[in-house]
Amino acid sequence: PHAELIIGSLYRQVYSPRQLYEVMVEFWSDHFNIGMDNDDVRWLKTADDRDVIRKHALGKFKDLLTASAQSAAMMRYLDNDVNTVGRPNENYGREIMELHTLGAAVNGYPYTETDVKQVAKCFTGWNWVRGQTAARWGEFEFVTNLHDNSVKSVLGQTVPGSGKSEGHLVIDILCKHPATAKYIAMKLVRRFVTDDPVGQVPQLVDRVAETFTRTEGDIKEMLYVILTSQEFGRSFGSYGGRLSRPTDYMARILRASGLPENQFTVKVAGNAMYNNIVRAYDAMGQRPFNWPTPDGYPDYKEAWGSSVGMLTRWNFGLQLCGVGGARGGASLVGGFDIATQTPASATTVGQAVDFWVDRVLHRALLAEDRQALVDYLSDGRGEGTALGSLPAGRLQSGIALIFDSSYFQWR
């Protein structure tokens with residue numbers, strides 16, 4: 001199931017017309033991270049992807065949080081299915097506050113260790129169907145005799161002993177807390193604008209947090225504020241841009257390459273393309289759904305700029321373009337020749353360079369960088385050199401250089 005979920009997710013990222021939706025699916029998959037290398041989780045996470053993340057990725061945050069709290073994959077991963085009266089397990093109670101809503105506590109704000117213990121008791125009895133009930137295996141169920149019915153206090157609010165509704169009341173309390181609005185806003189702004197949202201664009205964080213509060217966590221409304229902001233428009237020039245994470249890079253390079261959909265092999269067994277992709281993910285350090293701890297893959301450039309990671313990107317670009325000698329084989333996809341997409345109207349090196357730069361980057365190169373690419377392709381003969389006079393494979397190598405440039409690695 002892990003392999004199928006990886007390739008299915010990448011397929012959607014490359015070919016779906018709903019690109020923002022796919023970006024948010026990945027964002028929430030990290031926010032509500034579930035590492036699949038964990039007994040039953042490896043079977044349950046696919047349902048979580050379908051019924052929790054994908055269903056609510058552009059909906060209301062409270063609905064997403066509630067679905068996650070009732071997800072068998074999340075309950076198994078964070079041990080809420082062994083959180084019972086008399087034997088509370090605080091793992092989920094801690095993470096729903098620290099990672100899913102309020103953020104990390106500092107000096108007892110916005111929550112204390114006592115709050116963690118109380119929240120854990122509120123979620124006792126929230127469980128999932130397993131054992132002999134095969135038809136309902138993996139469904140949420142509330143087990144009354146496993147619930148602690150004592151009166152609790154969470155963030156200063158009384159939670160009466162009232163069974164399953166206690167968990168829902170805790171979710172209400174967390175979603176209405178101003179720290180949750182600020183924390184979700186900060187993470188969203190980091191994803192789209194800058195590695196340092198609070199330090200560089202605090203006013204945008206405040207506007208997104210206000211939108212969270214005003215709209216009761218409407219994800220589309222928060223994204224609208226970000227994507228129409230001046231801060232987003234100048235994110236590259238003013239704040240240094242963002243280094244594409246390996247999963248972002250993989251989706252972008254396959255999409256920009258124009259790889260035909262019928263040449264993207266979804267079947268995992270015997271799929272050489274899948275094997276090469278996963279090897280690249282592993283070398284870059286981000287195999288999807290494989291981060292072992294509940295905080296999710298990091299979302300800042302320092303985590304992804306290693307020499308091994310960058311070398312892997314360069315080799316993958318060469319391999320995708322079918323350049324011989326690239327690590328992992330001469331071609332990622334048999335029979336795919338990226339250079340054949342060059343239009344017939346591009347008859348010179350200069351025209352081919354301009355076509356592929358616009359196609360891949362959607363922005364111009366610096367004049368000296370464009371000249372370096374022209375010089376490489378033409379062997380110094382200039383941009384008027386006939387494309388048909390180039391040695392075999394030279395144009396493919398030139399396209400790979402665009403993919404491997406810092407222009408493509410940063411967004």
Side-chain angles (χ1 to χ4, degrees), residues 1-2 4-5 8-9 25 28-57 59-101 116-149 152 154 159 161-172 174-175 288-296:
H2 193 177
E4 284 80 0
L5 186 55
S9 297
V25 165
W28 294 120
S29 294
D30 272 335
H31 185 81
F32 295 99
N33 183 64
I34 297 173
M36 287 186 73
D37 191 17
N38 182 318
D39 54 65
D40 285 329
V41 172
R42 69 192 62 187
W43 310 105
L44 296 166
K45 173 55 190 173
T46 299
D48 178 274
D49 181 75
R50 179 193 64 209
D51 299 333
V52 178
I53 305 298
R54 290 189 168 275
K55 183 176 180 179
H56 301 287
K60 293 274 192 173
F61 179 76
K62 180 180 172 182
D63 294 337
L64 175 58
L65 180 65
T66 302
S68 175
Q70 295 183 334
S71 163
M74 183 62 77
M75 288 186 279
R76 178 76 294 274
Y77 179 61
L78 291 182
D79 304 314
N80 203 67
D81 57 0
V82 294
N83 178 28
T84 63
V85 60
R87 299 183 62 184
N89 185 297
E90 299 168 11
N91 201 7
Y92 181 69
R94 183 178 307 280
E95 306 305 3
I96 193 176
M97 291 194 287
E98 180 176 336
L99 298 178
H100 299 169
T101 55
V116 172
K117 293 178 171 62
Q118 294 287 287
V119 168
K121 289 182 179 180
C122 290
F123 282 106
T124 52
W126 282 47
N127 220 297
W128 58 284
V129 177
R130 50 200 184 277
Q132 301 303 312
T133 320
R136 294 184 57 231
W137 191 86
E139 291 183 13
F140 171 77
E141 70 171 352
F142 178 73
V143 184
T144 304
N145 62 1
L146 298 181
H147 181 68
D148 183 329
N149 280 301
K152 297 101 176 165
V154 173
V159 179
S162 52
K164 176 177 176 288
S165 63
E166 293 177 42
H168 290 290
L169 182 54
V170 167
I171 289 171
D172 284 342
L174 295 177
C175 287
F289 313 108
N290 205 53
W291 188 252
T293 53
D295 52 346

Nearest non-hydrogen partners of [X] and [Y], listed with the distance:
X    : Y    : result
G167 : W126 : CA-CZ2, 3.5 Å
F140 : K164 : CE2-CE, 3.4 Å
A73  : V41  : O-CG2, 3.9 Å
G296 : W291 : O-NE1, 3.1 Å
L65  : C175 : CD2-SG, 3.7 Å
A72  : G138 : CB-O, 3.3 Å

Return the [atom1] to [atom2] distance between [X] and [Y], rounded to the nearest 0.5 Å.
X    : Y    : atom1 : atom2 : answer
M36  : I34  : CE    : CD1   : 9.5 Å
T46  : F289 : OG1   : CZ    : 8.0 Å
Y92  : L99  : OH    : CG    : 11.0 Å
E141 : D81  : CD    : CG    : 10.5 Å
D63  : I171 : CG    : CD1   : 10.0 Å
W128 : E139 : CH2   : CD    : 12.0 Å

Report task. Step through the shown structure and confirm whether more than 12 heavy atoms of other residues, nucleotides or ligands are within 6.0 Å of NZ on K62. Result -> no
**Report entry** CG (D37) with more than 12 external heavy atoms under 6.0 Å
**Finding:** no
Whether [X] side chain and [Y] backbone form a donor-acceptor pair below 3.5 Å:
X    : Y    : answer
W28  : A57  : yes
S29  : V25  : yes
H2   : P288 : yes
T124 : K121 : yes
N33  : T293 : yes
E166 : G163 : yes

**Report entry** Stepwise side-chain contact (heavy atoms from CB on, under 4.5 Å) test for M74 and V52
**Finding:** CA-CA 10 Å; M74 183 62 77; V52 178; over 6 Å; no
Query raised in the report: What is the ring orientation for H31 with H100, classed by angle as parallel under 30°, tilted 30 to 60°, or perpendicular over 60°?
Result: tilted
Query - Test side chain to side chain contact (heavy atoms under 4.5 Å, CB included) applied to Q118 and V154, D148, V170, V159, the passing residue - result: V154
For residues 82-90, dump all side-chain donor-acceptor pairs below 3.5 Å to protein atoms at least two apart in sequence or in another chain.
from: N83; atom 1: OD1; to: N89; atom 2: N; distance (Å): 2.8
from: N83; atom 1: ND2; to: N80; atom 2: OD1; distance (Å): 3.0
from: N83; atom 1: ND2; to: A120; atom 2: O; distance (Å): 2.7
from: N89; atom 1: OD1; to: N91; atom 2: N; distance (Å): 3.0

Report task. Would you check, one step at a time, whether the test side-chain contact (heavy atoms from CB on, under 4.5 Å) holds for Q70 with H168? Result -> CA-CA 10 Å; Q70 295 183 334; H168 290 290; 3.6 Å; yes
**Report entry** Distance-only side-chain donor-acceptor flag, D48 / S71, under 3.5 Å
**Finding:** yes
Requested in this report: Using a strict 4.0 Å threshold on nitrogen-to-oxygen distance, state whether R76 and D79 make a salt bridge.
Outcome: yes
